[in-house]
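Here's the structure, in structure tokens; my notes come after.
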There are 2 protein chains.
Amino acid sequence: MSLRHALLGLLVDAPASGYDLMKRFDTSLANVWPATQSQVYGELTRLAAAGLLEVAAEGPRGRKEYALTDEGFAELRRWLVDTQPEPPRRSDTLLRVFFLGVLDREQALAYLAGMAERAAGEHGALEELEQSIDWGEGGMLSTNGRLALEFGLRFSAMREEWARWAVQQVEQQR
Amino acid sequence: MSLRHALLGLLVDAPASGYDLMKRFDTSLANVWPATQSQVYGELTRLAAAGLLEVAAEGPRGRKEYALTDEGFAELRRWLVDTQPEPPRRSDTLLRVFFLGVLDREQALAYLAGMAERAAGEHGALEELEQSIDWGEGGMLSTNGRLALEFGLRFSAMREEWARWAVQQVEQQR
DNA sequence: TGTTTCATGTAAGACGTTACATGATTGG
DNA sequence: CCAATCATGTAACGTCTTACATGAAACA
């Protein structure tokens, strides 16, 4: 149920419409919690019905600007303080590693080399992202987004190193 | 659709019933692709209907032993060779990091410290797992499971280091 | 005989994706 | 006037979780 809290969090700094929120998702949260348009609109309706958001203003083209209510803010804090994050439990990438034995050695090595490449590519993409963001403006999202970005940089580096190590392991077998 | 391929992969070495497969999931794949009983039985039926598995034997209590067909084996290889793994895109843990600004400093630090602790705990659990597994017996799963385990060890270590670094960052703010 | 283990299945509900559908407003 | 952008909503479908339901066989 984290989409709920992602929306609440994005509304802390300023009210916004569903359309605005989609853009905020695509820019700031794209790498940690992507959401589709249809999901966002549906959840906003439900959040408003539950009293965690309210329609603060209406604009042209049926635009509805949602604002956080006190209950919404309280719920966001409750989520952060009282509930444990759930780590992702599934990894398509690692599942495949278990079954590498059905391939011949060359194919298995190609798979692991591919992992290394993709990790390196992601590392590069994150470095570019770091350059492109205007960190100066401050605000909660950019301050803490920076921490998240560093996580991504370290994670992609770790994956690349692991994949290169795994290549060596497979090469040394037999 | 990776559950499909997880089941095919687990059936490479030997035929098994849904019940057996659940146990294999819980032991070998628990950390990369957990599955529930109801999911497994449903998918086995669909895989057999699609001709990727066949009921090789029936036993007491309605037991059905499934075996990989040639098409099933081909599909497993096709998946490994021709399709790209999808990395997980959502991280509850990192989503929360974005919103740490709504908490006061002590609470934010407590959250990050909690991340470090959980990562350290997972690292310890994986080390114990490494000890407890009988690596000698060989077989595809244990050989490659070892690679996956090393990934887990590196990943949990990385997370702990990142969380400790993030604590410092937050402490140094202002 | 009674408990544990083996064994399979169904149903309801949450969440996510893709696609479809509609239309107002702005700007060139 | 035409295209792009703004703006919201619905429907179908697939996956995963939780819970319910049932019963045979082994074993003590």
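- Separating the CG atom of B:L21 from the P atom of C:dC6 is a distance of 14 Å, rounded to the nearest angstrom.
- You'll find the side chain of B:Q169 reaches within 4.5 Å of the side chain of A:L147, heavy atoms only.
- Atom P of nucleotide C:dA11 and atom CD of B:Q37 are separated by 14 Å, given to the nearest angstrom.
- For the pair B:K23 and B:G42, nearest-nucleotide mapping onto DNA chain C gives the more 5' position to B:K23.
- If you measure from atom CE of A:M1 to atom C1' of D:dT18, you get 16 Å, rounded to the nearest angstrom.
- Taking side-chain N and O atoms only, B:R63 has a distance below 4.0 Å to OP1 or OP2 of C:dA7.
- Distance from the side chain of A:R61 is smallest for D:dC6 among the nucleotides C:dT5, D:dC6, C:dG9.
- Neither OP1 nor OP2 of D:dG9 sits under 4.0 Å from any side-chain N or O of A:Y41.
- Under a 3.5 Å cut-off, the side chain of A:S28 and the backbone N or O of A:F25 do not form any donor-acceptor pair.
- One can place CZ of A:R90 at 9 Å from C1' of D:dT15, the figure rounded to the nearest angstrom.
- When the C1' atom of D:dG9 is taken as reference, atom CD of A:E43 falls 15 Å away, rounded to whole Å.
- Distance A:M22 CE to C:dT17 C1': 12 Å, rounded to the nearest Å.
- You'll find that the side chain of B:D20 is closest to C:dA7, out of C:dG16, C:dA7, D:dA21.
- The interatomic distance linking A:H5 (NE2) with C:dA14 (P) rounds to 15 Å, in whole Å.
- Annotation for B:H5 and A:F99: closest pair O-CE1, 3.7 Å, computed over non-hydrogen atoms.
- One finds a side-chain N or O of B:Q39 lying less than 4.0 angstrom from the OP1 or OP2 phosphate oxygen of D:dT17.
- Proximity note for A:W33 (side chain, C-beta onward) versus D:dC6, C:dG16, D:dT18: the nearest is C:dG16.
- Here D:dT10 presents its C1' atom at 12 Å from CZ of A:R46, a figure rounded to the nearest Å.
- With a 4.5 Å cut-off on side-chain heavy atoms, B:F155 and A:F155 count as touching.
- At the heavy-atom level, A:S38 lies under 4.0 Å from base atoms of the strands shown.
- Inter-residue side-chain proximity for B:T143 and A:Q173 is flagged as met; some heavy-atom pair is nearer than 4.5 Å.
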